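Read the structure below first, then the notes.
What you see is a predicted model, and the numbers here were worked out from it, not measured in a lab. When a residue number appears, it is its place in the shown sequence, counting from 1.
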Amino acid sequence: MQLLPGPVRRFAAWCAVILLASGVVYVAVRLCVEFRTAVTPALLALLGTALLRPLHRRLVKAHVQRSLAAGLTCVAVLAVVGGAVYIVVSALIETGDQIIASLRDAAKGVAEHFGAAGTSLDDVASNARELLGKFGGTAASGVVSGISVVGEMLAMAVLALLLVFFFLRDSDRAVGTVRHLAPPGGADMVEAMARRAFGAVEGFMRGTTLIALIDAVCITVGLLVLRVPGAVGLGALVFVGAYIPYLGAFISGAVAVLVALADRGFVIALWALGVVLAVQVLEGHVLQPMIQSRTVQMHPAVVLLALTAGASVAGILGMLLAVPLTAAAFGIVHELQGRYEAAAAPGPGAGPQASSGAADS
């Protein structure tokens with residue numbers, strides 16, 4: 001190695017570091033995929049804890065016992081989520097036929113305008129019925145696997161809720177646990193990294209929830225004014241889609257515009273598009289800088305790459321978890337960068353004057 005020039009040795013060292021880090025990350029991702037039934041509830045519980053910790057902290061400050069405060073927080077979450085699901089499901093049941101009919105009319109119009117012969121929606125439906133008749137056994141097995149998937153999702157949701165309870169109740173012991181698991185001499189750095197990562201996730205969850213609520217309310221009010229069918233259900237779709245940055249807003253907004261186009265005509269669809277674009281401009285230029293700029297600072301290209309990687313690893317769930325996990329990683333990197341910069345900075349006695357004084361002496 002000494003025969004190689006200095007730049008080549010540094011390049012080789014960086015390549016070895018990058019390869020080693022990539023291998024560790026790959027093994028960690030593969031292990032998470034293999035044990036996803038345990039890893040996914042834990043990650044969801046961490047996100048839920050980051051979102052609910054302020055409520056739990058207020059209850060504790062009000063002299064409520066920690067276990068009781070954690071239980072009340074989980075019960076409040078169940079009540080809010082259950083009520084929201086009931087409202088959304090009721091709205092979708094009442095207006096779901098209208099939304100589906102509107103989307104069907106829009107698809108038929110697009111097929112008639114751009115499609116070739118034999119590619120109409122009725123032909124697609126008849127072909128689908130033939131395929132269903134040919135592969136009935138496959139469809140039955142798909143239903144069975146679908147039921148098992150639903151059962152697995154319910155089990156993971158219950159486990160995540162239980163983990164949220166324990167994480168909230170024992171959050172005061174988290175710092176001690178992190179310091180105990182840290183290597184000798186690195187407890188302070190590990191604690192600072194953990195605090196920075198959790199702070200980034202907490203800021204992302206609170207900011208995204210507030211932004212999603214504002215977006216959903218504004219778009220729902222706009223769609224109600226325009227008398228677009230299924231406005232409440234479309235607003236709920238906007239709220240859920242806001243947790244997937246950029247892509248979720250695009251999909252939910254496109255669905256709202258298509259429904260308005262099919263049911264209310266071209267002019268109302270343009271108004272609906274204007275409402276969606278106005279809300280997105282408000283989010284991008286006002287809400288995001290005000291709410292999330294202090295906690296989560298990521299370039300849109302990084303967010304899109306994180307979404308793509310999350311989707312390739314775990315589908316929709318991976319897209320939901322990709323951005324907060326990336327925010328945590330950025331928090332750790334910023335903490336390490338600040339510490340190394342502080343360590344590399346010269347001390348108060350170092351500098352040209354100190355060196356000249358030493359030379360004079």
Side-chain angles (χ1 to χ4, degrees), residues 32 35-87 152-213 239-240 242-243 291-292 294-296 317 320-321 323-332 334-335:
C32 290
F35 299 100
R36 59 185 179 274
T37 54
V39 174
T40 301
L43 293 177
L44 292 176
L46 284 176
L47 298 183
T49 304
L51 181 61
L52 300 172
R53 200 166 70 110
L55 175 59
H56 179 262
R57 190 163 52 234
R58 290 190 178 186
L59 291 175
V60 172
K61 287 183 179 179
H63 305 290
V64 179
Q65 202 266 342
R66 296 191 66 89
S67 298
L68 181 59
L72 291 175
T73 304
C74 293
V75 170
V77 170
L78 281 178
V80 172
V81 173
V85 169
Y86 175 76
I87 293 173
E152 181 180 343
M153 291 178 61
L154 289 176
M156 288 193 297
V158 173
L159 179 58
L161 184 63
L162 293 175
L163 289 176
V164 168
F165 170 79
F166 290 119
F167 288 168
L168 289 174
R169 188 193 67 177
D170 301 329
S171 58
D172 58 331
R173 307 177 188 173
V175 175
T177 303
V178 169
R179 296 184 67 89
H180 178 72
L181 296 176
D188 293 337
M189 178 179 291
V190 173
E191 179 186 349
M193 290 166 55
R195 288 183 180 276
R196 192 69 175 265
F198 189 79
V201 174
E202 189 175 20
F204 171 82
M205 291 300 297
R206 286 189 295 181
T208 301
T209 302
L210 182 58
I211 292 173
L213 183 61
F239 179 81
V240 175
Y243 285 94
I291 296 175
Q292 286 191 340
R294 298 180 181 179
T295 55
V296 183
L317 186 62
L320 291 173
L321 296 174
V323 179
L325 292 180
T326 306
F330 266 67
I332 294 174
H334 290 159
E335 178 65 28

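- To the nearest 0.5 Å, atom NE2 of residue His334 and atom CZ of residue Arg196 are 7.0 Å apart.
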Table please: side-chain donor-acceptor pairs of residues 175-192 below 3.5 Å, with sequence neighbours left out.
unit_1 : atom_1 : unit_2 : atom_2 : d
Thr177 : OG1    : Arg173 : O      : 2.9
Arg179 : NH1    : Asp188 : OD1    : 3.0
Arg179 : NH1    : Glu191 : OE1    : 2.4
Arg179 : NH2    : Asp188 : OD1    : 3.0
Glu191 : OE2    : Arg195 : NE     : 3.1
Glu191 : OE2    : Arg195 : NH2    : 3.2

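- Considering all non-hydrogen atoms of both residues, Ala328 and Ala197 come closest at O-CB, 3.7 Å.
- Of the inter-residue distances, the one linking Leu161 atom CG with Leu44 atom CG reads 11.5 Å to the nearest 0.5 angstrom.
- Remark: Thr37 OG1 to Met156 CE distance equals 7.5 Å, nearest 0.5 Å.
- Taken from OG1 in Thr209 to CZ in Phe204, the straight-line distance is 8.5 Å, to the nearest 0.5 Å.
- A side-chain hydrogen bond (donor to acceptor under 3.5 Å, both in side chains) check over residues 57-71, counting only residues at least two apart or in different chains, returns the pairs Arg66-Ser171.
- By the ring pair (Phe, Tyr, Trp, His ring centres under 6.0 Å) test, Phe167 pairs with no residue at all, sequence neighbours left out.
- Residues that satisfy the salt bridge (charged side-chain N to carboxylate O under 4.0 Å, His left out) test with Arg36, not counting sequence neighbours, are absent from this structure.
- Taking the side-chain contact (heavy atoms from CB on, under 4.5 Å) definition, one finds that Ala70 meets it with His56, Phe165, Leu168, Arg169, sequence neighbours left out.
- For the atom pair OG1 (Thr73) and CG (Leu51), the distance works out to 11.0 Å, reported to the nearest 0.5 Å.
- Here Leu47 pairs with Val201, Met205, Leu321, Pro324 under the side-chain contact (heavy atoms from CB on, under 4.5 Å) rule; sequence neighbours left out.
- Phe166 contributes atom CZ, which lies 12.0 Å from atom OG1 of Thr49 (distance to the nearest 0.5 angstrom).
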